[in-house]
4 protein chains.
Amino acid sequence: MHRQVRTTPRKRPRQQRSKDTVDTILEATARVLVKLGFDGLTTNAVATAAGVSIGSLYQYFPNKEALVSALIERHVEQMNGAVLAELSRVATLPMQEATRCVIELTIRAHAVDPALHRVLTEQVPRVGKLAKLRELDEICHRMVAGLLAARKHELAIRDPDLAAFLLVSTIESIVHRAALLYPDRLRDPRLIDEATLLVTRYLGVAPN
Amino acid sequence: MHRQVRTTPRKRPRQQRSKDTVDTILEATARVLVKLGFDGLTTNAVATAAGVSIGSLYQYFPNKEALVSALIERHVEQMNGAVLAELSRVATLPMQEATRCVIELTIRAHAVDPALHRVLTEQVPRVGKLAKLRELDEICHRMVAGLLAARKHELAIRDPDLAAFLLVSTIESIVHRAALLYPDRLRDPRLIDEATLLVTRYLGVAPN
Amino acid sequence: MHRQVRTTPRKRPRQQRSKDTVDTILEATARVLVKLGFDGLTTNAVATAAGVSIGSLYQYFPNKEALVSALIERHVEQMNGAVLAELSRVATLPMQEATRCVIELTIRAHAVDPALHRVLTEQVPRVGKLAKLRELDEICHRMVAGLLAARKHELAIRDPDLAAFLLVSTIESIVHRAALLYPDRLRDPRLIDEATLLVTRYLGVAPN
Amino acid sequence: MHRQVRTTPRKRPRQQRSKDTVDTILEATARVLVKLGFDGLTTNAVATAAGVSIGSLYQYFPNKEALVSALIERHVEQMNGAVLAELSRVATLPMQEATRCVIELTIRAHAVDPALHRVLTEQVPRVGKLAKLRELDEICHRMVAGLLAARKHELAIRDPDLAAFLLVSTIESIVHRAALLYPDRLRDPRLIDEATLLVTRYLGVAPN
DNA sequence: GATGAATGAGTCTTCATTCAT
DNA sequence: GATGAATGAAGACTCATTCAT
């Protein structure tokens, strides 16, 4: 879009104290982001919220983008872990059950820090690091595609990749939209049932 | 999130001359938004792009947000027209055909000014006009729900409202994501076929 | 202080209609001035308040200063009339009575449009026309000096001019300050009594 | 009159360096105010005059009014000291002498930085710090009232409070007006003599 | 390393004034 | 003459970033 700036951390924290400072700053970033939105996110606000001098902040992050970038990275990594583990665990379950598990997983993922997740999803595209956010998507997409390909014989689909694209989009969007518009629905088992139905019928593995 | 600013236009243009000015400004806003993103959108940049003095801009828009706000409103209105008309036209078609039409319609809607659509979708939360943008969603949701309810007897669903929520989310997200990540896929008939399959299988009206 | 601009009206209104317009504008100026202070006084605000187009305003007043200038002139003229007439009427009365009359007159003058008077007095110095405001002072000063000189034999003063300066300052300031700080006192006869006492004792014409 | 803005300083200077900066800025404010008047007082002009970046100015003063506000406060405090001390010192002197001292004191107070005093007096209403400026008045009023009450037996007055109001108004206005219109007169002992006469005759303590 | 004072480019926004209709 | 759309210089204010202490 415009000027692209370096976003790699200026230096790796070696001592524990530095590591703590970095964490403190990132948590402050998250708090400010949630509270004031991307527009309210000023380096000074973050420094203050972190109880750190602005100079110290710049000791660890070369600029504002790097701040957000690191936060996203951390957020994505946190999600990644859980999601990927679950995704492979599920690979051997009966299809219908697997589907349900993935959906529930997605819901849980959205429940970790919904406010932050939301701000990050909605307001962050501007940072060049939006790519980072999509990484998870990409990985999920490929894993699901692999999963479908492996069990293609029991499924009513032609192109596992295309199907994976559809399903990842679908599940992610249903959960995301529910989280956004009707947070209560996320607790409603009927939503999960119905979403499971949508997927399993498409795959030709619905019960009845 | 934070301070909400007035975004209502400052004064209604009366003469034709000023109507033109407003249009010029809005089009410039769209151009700048697409080219520079929300952060590159400065009132001066818009004025310049519109070939209008900054003063003129402020005659009609009290601030930056009002600019985007008006743009969204216009964009939504433009979409509304096409979508709603098509949605009711489709009501009497065989279910499978109707589904396909709606999907194609959604794709067409996204193809109008994809770049603008994208930036608007992504940056809208920051202007507080989310509500406005969701309006279309809401209407679609309700129309689809009505449509499903009317033909419930031929469908394999229990709750038309819940189903409508799922389907609108699904279609919108598939198209949106495709537009975002793989614009080429939007031209691929296989995507449409597959999405239609996803929906019709869920509804229990798939051919075979 | 800085740039000095022409403040003479651009053209004399010939027709009655024009005269009305000018009046309307001046009254609007007064209203805006009272309501929003000098800083809120914008030419557009005045035009709107007057129900006149900004273009028309500039037909009669070459710039903003001219507006205020004309208003002051009008205000001063209105005061002048009353004050001067009374001042000469009083010349033949017994000194003590004359004093009382002048004080009451001053109070009345301050009561005409106190809000406007206040704004004009407090906020207007900036206009080059503050001189205009002092004109009244000057005239009063000279008239009082003349009055004192004419009756010097019955008074305990040496220098009528100096005495006049003192007395005009004194009366004006007492009334002005009372109007500003304790408007109620203006209705209190004790204030008038006491001020009269102050003056007459100084002049050596107090009763007892 | 209209919107009242926060005028409290933005942050207390902690280091000596910043204390200096604040002082420099205030002095520049005074200079600019005297030279260009309230309208010429732009934050940029002050910053430039202070040899400080505009950013630094805003570190300490949230806006333009805060600048003037602080200046007034400082000015009033400076005056307060001198005036109050003198006023109590004078309490035991013979009435006539006391009067003369107070008048001379007032003249001296006006002579400290006459240009600044003038502009402050004239433009203060626009900053909303009128209250602050009146504080001194108020205090003087009460001190003089006390002084008169204490020595009521030797004076020809009934109501010490009312008399104090008259006298404070009178002296202040005579000096103020002289300073404004005829600065030379302030050096003229005859003015002091005559003003003393005005007061002492009123109080019934004039010599002959 | 930490601190926070200082910097100033960059924005938004207002308003007196002009001028085409 | 009247209208009000257009102009743009000018000014307030923010905030990412640097650097002396």
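Here is how names work: the chains are called A, B, and so on, in the same order as the sequence lines, proteins then strands, and each is numbered from 1.
Distance, C:N63 CG to E:dC15 C1': 14 Å, rounded to whole Å. As a whole-Å value, the separation of B:L36 CG from E:dG10 C1' is 14 Å. Atom-to-atom, CG of D:D39 to C1' of F:dA12 comes out at 15 Å; the value is rounded to the nearest Å. Distance, B:F61 CZ to E:dT11 P: 20 Å, rounded to whole Å. Look at CG on C:L57: it is 17 Å from P on E:dC19, rounded to the nearest Å.
For the side chain to side chain contact (heavy atoms under 4.5 Å, CB included) test, residues two or more places apart in sequence or in another chain that qualify with A:Q78 are A:R74.
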Please list, one pair per line, the donor and acceptor atoms closer than 3.5 Å that link side chains of residues 40-51 of chain B to other protein atoms, with sequence neighbours excluded.
residue: B:T42; atom: OG1; partner: B:A45; partner atom: N; Å: 2.9
residue: B:T48; atom: OG1; partner: B:N44; partner atom: O; Å: 2.8

(request) Decide yes or no on side-chain contact (heavy atoms from CB on, under 4.5 Å) for A:F61 and A:L26, but give the supporting numbers first. (result) CA-CA 10 Å; A:F61 300 92; A:L26 282 186; 4.0 Å; yes
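Using a 4.5 Å heavy-atom cutoff, the side chains of B:T21 and B:L57 are not in contact. In this structure the side chain of B:R31 reaches within 4.5 angstrom of the side chain of B:E27, judged on heavy atoms.
Remark: side-chain polar atoms of B:T24 are paired, donor with acceptor, to backbone N or O of B:D20 under 3.5 angstrom. Judged by distance alone, the side chain of C:S56 and the main-chain N or O of C:V52 form no donor-acceptor pair under 3.5 Å.
For D:Q59 and E:dA5, a side-chain-to-base donor-acceptor distance below 3.5 Å is absent, hydrogens and geometry of angles not being considered.
Toward the 5' end of DNA chain E, the nearer of the two residues B:I54 and D:G51, judged by each one's closest nucleotide, is D:G51. The residue among D:G55 and C:S53 whose nearest nucleotide of DNA chain F is located toward the 5' end is C:S53. When each of B:N44 and C:T42 is assigned the nucleotide of DNA chain E bearing its nearest heavy atom, the one mapping closer to the 5' terminus is B:N44.
Proximity of D:Y60 to the phosphate of E:dG4: no side-chain N or O atom is located under 4.0 Å from OP1 or OP2. Dashed line: the shortest gap from a side-chain N or O of B:T21 to OP1 or OP2 of F:dA6 is under 4.0 Å. For the OP1/OP2 pair of F:dT3 and a distance below 4.0 Å, the side-chain nitrogens and oxygens of C:S56 include at least one atom meeting the criterion. Considering only side-chain N and O atoms, C:T43 lies nowhere under 4.0 angstrom from the phosphate OP1 or OP2 of E:dC15. When the side-chain nitrogen and oxygen atoms of D:Y58 are compared with OP1 and OP2 of F:dC13, one or more of them lie within a distance under 4.0 Å.
For D:K64, taking side-chain heavy atoms from C-beta onward, the closest of the listed nucleotides E:dT17, E:dC12, F:dA12 is F:dA12.
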(message) Expected output check: what is the dot-bracket annotation of DNA chain E, where ( ) and [ ] are pairs inside the strand (brackets for crossing ones), | is paired with another strand, and pairs are Watson-Crick or G-U under 3.5 Å?
(response) .||||||||||||||||||||
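Within the nucleic acid shown, B:L67 has no heavy atom closer than 4.0 Å to any nucleic acid atom.
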